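Residue numbering restarts at 1 for every chain, and letters A, B, ... go by the order of the sequence lines. Keep in mind that this is a model prediction, so the values were computed, not measured. FYI, side chains are in, hydrogens and waters are out, and symmetry mates aren't considered; it's all heavy atoms of this structure.
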2 protein chains.
Amino acid sequence: MDIQGLPGRLLADLGPAIASGEIAGGSVLRIEELEERFDVSRTVVREAVRMLESMQLVASRRRVGVTVRPKSEWDVFNPTLIAWRLAGADRPAQLRSLGSLRVAVEPAAAGLAAVHADDDQRRALGALATEMTMTGRAGDLDAFLRHDADFHATVLQASGNEMFAHLGATVEAVLRGRTEHRLMPHHPEDYAVRLHREVAEAIAAGDAATAERAMRAIVTGALEELDAALE
Amino acid sequence: MDIQGLPGRLLADLGPAIASGEIAGGSVLRIEELEERFDVSRTVVREAVRMLESMQLVASRRRVGVTVRPKSEWDVFNPTLIAWRLAGADRPAQLRSLGSLRVAVEPAAAGLAAVHADDDQRRALGALATEMTMTGRAGDLDAFLRHDADFHATVLQASGNEMFAHLGATVEAVLRGRTEHRLMPHHPEDYAVRLHREVAEAIAAGDAATAERAMRAIVTGALEELDAALE
DNA sequence: GTCGTCCAAAGGTATGACTTAATCAACCCG
DNA sequence: CGGGTTGATTAAGTCATACCTTTGGACGAC
């Protein structure tokens, strides 16, 4: 999902630098300077700039240069940008934003999934809940993370809403970040695992209200734990 | 927010064509062909392709060409792409997706706004609700639309969550599309206007639960009306 | 002090040559 | 005859350069 070619190299360098605030809003980059700094041709620089431009990270104006736009204008839903911010200095802020988004979206998705999921998806959720129980008890955080991410991605997918479905990858990034940075207990809380089981069963039974309620408990719990972990 | 220069011209032509399905997933475009078709240089074509690529609309592979990716891989949150789809053949599907998204996000945003809004925002919401009452009664759909969009944008902004805030522009696009295509009653329903007033008052009073409930009523109502209007 | 003109700086576009990688097919080996 | 390896071919990727276009700011006239 990442990069391609030389412009990708520039992106991988400039993008995170801007996203982390290291290059402040209002700064001006000149194309010629970038050519020298990265030792590439104008073509390459321009393509990289175009991509930053399409994320609303920068704006290019004649006679001025490539100016970094204020943070408030970024395309904050862009998955690449989210990844950069999660990897950089304002990971806390990004995690909080995404946490609120999850609280809003995932319960709704669970409710829809109870209505729209196909049989395979209902079965898969049950199986994933079981895996989470087992790997959670065993303290195998890697495997737990994998199944947790799969679980949420499956629910989002099963909602039948393409926009919800696309948040699967983002949620996975959140969960991974949480695990990698020790922002969650070393043994997943029992109650969280039980709630996942409850969501799976409610979706299997077509019980939208219960699925929604249980999922809301999961994501609000996650948000509270996150806030606590971030002091 | 749109376009800039010659690459913008290509984008404005290719983007909507892909977004509407006119150019199907799996199709292959060759750069040289595009050069001729639009009578521009390679530089320009490549930059346009880069931008389509960063929306995940296409992928460029050596020895093959620029292939249009399946719809399921598009960056469906990209505002430009949303605009293209709203303007094109699958406006109905896009409106439905966005409708569900609103149902998920706006109630949560209203709840947060009741806690985080500043005084100006609380005042502005009250004033906008008043305007909606007046222009709604007068049947001035244009003015009503403007205030309606402002209202929702302000709530999203006041939530204090940058991701919610960014959905303001998208919601406005939805509302505008709804009005322009006669998908709403010629006189806004009284109950909807009353609910907006209720949201404004709850946010002014810092009553998160009420704000959330009233906003949920607004957006679920809007979604139902949309579904009805789309048969 | 204000307005208008002019110039230079920086991005935007065009071109053509060259490099790189991947597909397809021919070919060789088993 | 089948399968894997190699090589030719094709289209994207990169580079260097020249030229065009816009525009911010300096400079001078009124």
In whole Å, what is the span from the [atom1] atom of [X] to the [atom2] atom of [N]?
{"X": "A:Glu35", "N": "D:dT14", "atom1": "CD", "atom2": "P", "result": "14 Å"}
{"X": "B:Asp39", "N": "C:dT15", "atom1": "CG", "atom2": "C1'", "result": "13 Å"}
{"X": "A:Arg46", "N": "D:dC15", "atom1": "CZ", "atom2": "C1'", "result": "15 Å"}
{"X": "B:Glu32", "N": "C:dA14", "atom1": "CD", "atom2": "P", "result": "15 Å"}
{"X": "A:Arg42", "N": "C:dA17", "atom1": "CZ", "atom2": "P", "result": "21 Å"}
{"X": "B:Glu47", "N": "C:dT15", "atom1": "CD", "atom2": "P", "result": "15 Å"}
{"X": "B:Leu52", "N": "D:dA12", "atom1": "CG", "atom2": "P", "result": "14 Å"}
{"X": "B:Ile31", "N": "C:dT15", "atom1": "CD1", "atom2": "C1'", "result": "15 Å"}

Considering only side-chain heavy atoms of [X], which listed nucleotide, [options], is closest?
{"X": "B:Ser41", "options": "C:dG12, C:dT15, C:dA8", "answer": "C:dT15"}
{"X": "A:Arg30", "options": "C:dT13, C:dA10, D:dG13", "answer": "C:dA10"}
{"X": "A:Arg50", "options": "C:dA14, C:dT13, D:dG13", "answer": "C:dT13"}

Query raised in the report: Quick check: does any side chain N or O of A:Arg96 sit under 3.5 Å from a backbone N or O of A:Leu223, one acting as donor and the other as acceptor?
Result: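 No, the answer is negative, given that no donor and acceptor are paired below the 3.5 Å cut-off.
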Query raised in the report: Is the side chain of A:Arg61 donor-acceptor paired with the backbone N or O of A:Val66 at a distance under 3.5 Å, no angle test?
Result: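 No: the side chain of A:Arg61 does not pair with the backbone of A:Val66.
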Query raised in the report: With a 4.0 Å cut-off on heavy atoms, is A:Ser60 in touch with a base, just the backbone sugar-phosphate, or nothing at all?
Result: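 Result for A:Ser60 = sugar-phosphate.
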Query raised in the report: For A:Leu29, which contact category applies under a 4.0 Å heavy-atom criterion: base, sugar-phosphate, or nothing?
Result: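 Sugar-phosphate only.
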Query raised in the report: With a 6.0 Å cut-off on ring centres, are B:His166 and A:Phe77 close enough?
Result: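 Centroid distance B:His166-A:Phe77: not below 6.0 Å, so no.
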Requested in this report: Would you check if there is a donor-acceptor pair between the side chains of A:Thr154 and A:Gln121 at a distance under 3.5 Å?
Outcome: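 No donor-acceptor contact under 3.5 Å links the two side chains.
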**Report entry** Toward the 5' end of DNA chain D, by each residue's nearest nucleotide, A:Arg61 or A:Leu6
**Finding:**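 The 5'-side residue here is A:Leu6.
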Query raised in the report: Taking N and O atoms by type only, does the side chain of A:Arg62 place a donor or acceptor under 3.5 Å from a partner on the base of D:dT22?
Result: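 A donor-acceptor contact between them is absent.
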Query raised in the report: Do B:Arg63 side-chain and D:dT9 base share a donor-acceptor contact under 3.5 Å?
Result: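 Flag set: donor-acceptor pair detected.
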Query raised in the report: Around atom CD of A:Glu32, are there more than 12 heavy atoms of other residues, nucleotides or ligands at under 6.0 Å?
Result: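 Open.
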